Amino acid sequence: MNYWLLKSEPDAYSYSDLENAPNQRTLWDGVRNYQARNLLRDELRSGDLAFFYHSSCKEPGVVGVCRITATGITDPTSLDPASDYYDPKSSAENPRWITVEVEADRPLARTVTLKELKNYPQLEDMVLLNRGRLSVQPVTEDEWQFILGLAEQ
DNA sequence: GCCAACGTTGGC
DNA sequence: GCCAACGTTGGC
């Protein structure tokens with residue numbers, strides 16, 4: 001099993017929005033970055049776990065855990081001319097944007113803030129801290145366990 | 001294929 | 001609102 005970190009702006013879609021969604025699941029749509037798309041398409045597997053990270057907000061940080069429940073799904077917003085995420089270069093026959101379904105697993109006992117994550121040498125190689133703008137990114141098992149531990153402090 | 005201009009992300 | 005760090009676009 002692999003671990004990931006998914007960013008979302010809470011004003012657009014927060015962890016509590018996921019908890020309140022039907023079946024506590026949602027399609028992780030709207031990603032329009034090829035590096036992130038390649039991870040969604042090729043690397044994420046059903047059963048993998050991901051941190052839910054709140055970005056561009058008052059207190060950026062990890063707020064919860066979610067689980068990947070389905071993969072290889074064409075992003076429907078890319079085919080919808082009415083969507084902000086519509087991409088005329090994508091089609092049902094040759095989809096350009098592939099995504100996954102996620103399910104809320106559990107909220108962290110507290111938000112582990114970005115500010116705090118920067119303090120620990122154990123996390124200095126985290127993608128989050130070194131490649132700021134990637135919205136889907138891998139987390140190592142050590143990083144995963146360490147951050148879960150922080151949340152319990 | 002290079003690279004300048006431009007757009008976006010996201011922390012602060 | 002600012003701006004650094006990228007990513008994308010498009011002329012050449």
Side-chain angles (χ1 to χ4, degrees), chain A residues 2-21 26-44 48-68 71-102 104-140 142-151 153:
Chain A
N2 289 311
Y3 300 101
W4 308 96
L5 182 146
L6 303 174
K7 288 185 191 173
S8 185
E9 300 185 19
D11 288 347
Y13 200 90
S14 69
Y15 189 74
S16 61
D17 288 333
L18 179 60
E19 290 181 309
N20 292 322
T26 194
L27 216 49
W28 204 256
D29 58 18
V31 173
R32 294 294 178 270
N33 169 284
Y34 287 103
Q35 254 186 293
R37 188 281 311 268
N38 292 346
L39 292 171
L40 290 169
R41 186 188 59 188
D42 303 332
E43 305 293 335
L44 275 71
D48 284 356
L49 294 176
F51 284 136
F52 197 112
Y53 178 89
H54 281 172
S55 66
S56 292
C57 58
K58 190 175 177 189
E59 197 173 53
V62 178
V63 298
V65 174
C66 54
R67 184 182 306 277
I68 311 305
T71 61
I73 302 163
T74 297
D75 183 338
T77 65
S78 69
L79 305 179
D80 176 6
S83 170
D84 288 344
Y85 299 111
Y86 177 59
D87 181 354
K89 293 174 182 164
S90 188
S91 67
E93 302 74 35
N94 190 16
R96 175 170 299 210
W97 302 107
I98 305 294
T99 192
V100 302
E101 182 191 64
V102 304
D105 184 67
R106 62 191 188 278
L108 296 191
R110 65 181 185 87
T111 298
V112 179
T113 64
L114 174 64
K115 185 173 185 232
E116 183 179 355
L117 296 177
K118 290 175 175 173
N119 292 334
Y120 298 102
Q122 293 93 326
L123 300 177
E124 67 184 4
D125 293 328
M126 248 194 114
V127 176
L128 182 71
L129 306 179
N130 293 288
R131 221 181 315 159
R133 302 190 313 146
L134 192 58
S135 65
V136 177
Q137 43 179 272
V139 174
T140 69
D142 285 349
E143 291 162 352
W144 182 270
Q145 299 298 344
F146 187 79
I147 291 169
L148 287 182
L150 289 178
Q153 286 177 19

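None of these values were measured; they are calculated from a predicted model. Proteins get letters first, then strands, A, B, ... in listed order; numbering begins at 1 in each.
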With sequence neighbours left out, what residues match [X] under salt bridge (charged side-chain N to carboxylate O under 4.0 Å, His left out)?
{"X": "A:D105", "value": "A:R67"}
{"X": "A:R133", "value": "none"}
{"X": "A:E143", "value": "none"}

List in chain and number order the residues that pass side-chain contact (heavy atoms from CB on, under 4.5 Å) with A:A151, two or more places apart in sequence or in another chain; answer none if no residue qualifies.
A:L108, A:V112
Any pair counted as salt bridge (Lys or Arg N to Asp or Glu O under 4.0 Å), so long as it reaches residues 109-118 of chain A, sequence neighbours left out:
A:R110-A:E116
Base, backbone or nothing for each nucleotide of nucleotides 6-12 of chain B, written B, S, -, heavy atoms under 4.0 angstrom, 5' to 3'?
-BBBBSS
